[in-house]
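Here the structure is laid out as structure tokens; the discussion comes afterwards.
Throughout, a chain's letter reflects where its sequence line sits, starting with A, and its residues are numbered from 1.
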Amino acid sequence: MNEVRVRFPPSPTGYLHIGGARTAIYNWLFARKHNGKLILRIEDTDAERSTQESIEGIIDGLTWLGIDWDEGPYFQSEHAAEHQAAAERLLATGHAYKCFCTKEELEAKREAARAAKTGDYRYDKTCRRLSPEEVAAKEAAGLPYVVRFKVPEEAGGVRFHDVVYGDIERAYDDIEDFVIVRSNGRPLYLLCNVVDDIRDRITHIIRGQDGLVNTPRQILLYRALGAEPPVFAHMPLTLDTKKRKISKRTHGEVVAVQYYREIGFLPWALVNFLVLLGWSPGDDREIFSREELIEAFSLERINRANSVFNYQKGDPKFITDPKALTINAHYLRAMPVAELAPLVEKELRKAGIWKEDWGENGKERAWFLRVIDLIRSRFHTLKDFATLGRAYFDDEFEIEAKAIKKNLAKHPQLKEWLPELADRLAAVEPFTAENIENTLRRFAEEKGAKPGVPINGLRTVVTGRLAGPGIFDVILAVGKERTVARLRRAPALFV
RNA sequence: GGCCCCUUCGUCUAGCGGUCUAGGACACCGGCCUCUCACGCCGGCGACACGGGUUCGAGUCCCGUAGGGGUCACCA
């Protein structure tokens, strides 16, 4: 078999959204699995809607995800001459014809078809019936025309085998004589796409199921152009909870790849989540390293049914599909701390609370890594380190209202106790988890309180949070000095 | 409306005629752990859209119905 060559051809009319990213991921996985090539081709034929900003956004998104390509980006617009030449050839070989029908005429016919409720909106082939003389006359009159492809009028149809959907057959009679060149002389997507795929020697077209109905027409073009059609694999679409196709327009940022970077996702976690939308390895595995995923992936195991991106708009607890969050959290606590550290650093820098001592060769590097490891198991995104975990890194931090209410206000004695505890802890030597624990427990006993009372009060004052890691480790991480200082400030929190 | 595709727990899915009283993951609920929460572990809730066939036997094959999706541009 020849080298596998696949392509990801986004049209640069917005940011990279998760549906597009998923298509790119499947193509990338397939290319990597077969030691093939992934070609990035920007389909910018629609000049009015294409923007440089969008192109950069797409490339930026792919790069962030770790999807690397082997060729390109190529730009469809640079091959306009080639597309036109192909159209000329089709005309010359009798595979296409000029159609002088105006938009208004066509629209009127479609309107009539709608009114007649026949469901037949196909072009009626008026111009296919024109005699050479009539065509010459219209041309001489300078009438504008589009070029239409001559779909065979014989019985039968186009059949092909889709790797995902199986054998597909479409009767010639159901395919209308489609337009391949606009009246302004510019070829349309259907033709451009085929011409580009032939030139780029694409062997497998892996795309969304919305491209399935285009396939028979494209196969007709391949044949007319004398080229062998590639293998097709259509993947199911991603829908929202109302079963609508997800789109930038109606869903906004939650479907933008960029958004996931902003809310603190690990790129690989997103990839891992997206690949599971419509594909499964056939066993129970759901978490994959890059190598494992490439090894496990296959087009044959792509599902045929559309999947739902389970995002409940307006639910503050779930900023995206809960499974995506879970997968991200999994990587956050399972990945090597050394790999996580630079990502946390970025977040702390953004929050303006980064200290150079925590850096690669900083003198508090070990402490920094230890703290990350201590707090990461209850975080879902990288953002959490700078928000929920802020108290470990900076003295300025919010104290949760819930925590004040539950852990402080309910036990007014703590207003006196906490400063007392500060003195006790200040005297602990050496400052070890064991000694801290003994001190705390003895203190509770003396006061006739349950250990949880001073402990949770202390947690609130020291970390600002209702919940967190084991308190003795927390105190050790925050350090004697800061813990004592925060306890001394505690009375101010009581009204 | 025409054509095409799809249909297993709320969501993602396993299942390729008998091993299915349908398995896993997320979410949810309960328990253990415990200073709290999370992690982890244990347990619970929860699905084969419906109706006909075929077969000794159907979630798995066929047909129909219903529902959902895609597409019907001089967009890509």
Need the pair for [N]. Rule: Watson-Crick or G-U wobble, both distances under 3.5 Å, any strand; none if unpaired.
N: B:rC28; answer: B:rG44
N: B:rG2; answer: B:rU71
N: B:rA22; answer: none

Contact under 4.0 Å: [X] side-chain N or O vs [N] OP1/OP2:
X: A:R170; N: B:rU71; answer: no
X: A:R148; N: B:rA73; answer: no
X: A:S377; N: B:rG40; answer: no
X: A:S280; N: B:rA14; answer: yes
X: A:R114; N: B:rG2; answer: no
X: A:R304; N: B:rU7; answer: no
X: A:N303; N: B:rA14; answer: yes
X: A:K245; N: B:rU71; answer: yes
X: A:R301; N: B:rA14; answer: yes

Nearest-Å distance once atom [atom1] is located in both [N] and [M]:
N: B:rG51; M: B:rC56; atom1: C1'; result: 23 Å
N: B:rC3; M: B:rC12; atom1: P; result: 29 Å
N: B:rC62; M: B:rU19; atom1: C1'; result: 25 Å

Can you check the [X] [atom1] to [N] [atom2] distance for me, whole Å?
X: A:R217; N: B:rC75; atom1: CZ; atom2: P; answer: 12 Å
X: A:E445; N: B:rC35; atom1: CD; atom2: P; answer: 14 Å
X: A:E169; N: B:rC3; atom1: CD; atom2: P; answer: 14 Å
X: A:N306; N: B:rU11; atom1: CG; atom2: P; answer: 13 Å
X: A:Q209; N: B:rG70; atom1: CD; atom2: P; answer: 8 Å

> Is there a donor and acceptor pair closer than 3.5 Å between the side chain of A:R378 and the base of B:rC37?
Replying inline: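 Indeed there is one.
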>> Using a distance-only criterion (donor-acceptor N/O pair, under 3.5 Å, no hydrogens), is the base of B:rC35 paired with the side chain of A:R459?
In response: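 Flag set: donor-acceptor pair detected.
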> Which nucleotide in the list B:rG24, B:rA76, B:rC3 gets nearest to the side chain of A:D174?
Replying inline: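 Within the option list, the nearest is B:rC3.
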> Between A:V308 and A:E176, which is nearer to the 5' end of RNA chain B once each is assigned its nearest nucleotide?
Replying inline: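 Closest to the 5' end, via its nearest nucleotide, is A:V308.
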>> Which is more 5' along RNA chain B, the nucleotide nearest A:R244 or the one nearest A:G282? Just name the residue.
In response: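 Comparing both residues, the 5'-ward one is A:G282.
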Parallel, tilted or perpendicular: which fits the ring planes of [X] and [Y], with parallel below 30° and perpendicular above 60°?
X: A:F265; Y: A:Y260; result: perpendicular
X: A:F379; Y: A:F385; result: perpendicular
X: A:F232; Y: A:Y222; result: perpendicular

> Are A:F297 and A:W279 close enough that their ring centers fall under 6.0 Å?
Replying inline: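 That pair passes the under 6.0 Å test.
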> Does a sphere of radius 6.0 Å around CD in A:E105 hold more than 12 heavy atoms from other residues, nucleotides or ligands, not counting ones at 6.0 Å or beyond?
Replying inline: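 Yes, because the 6.0 Å sphere around CD of A:E105 holds more than 12 heavy atoms from other groups.
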> Hey, mind stepping through A:T460 and A:R486 against side-chain hydrogen bond (donor to acceptor under 3.5 Å, both in side chains) and telling me if it holds?
Replying inline: CA-CA 10 Å; A:T460 298; A:R486 289 173 190 183; over 6 Å; no
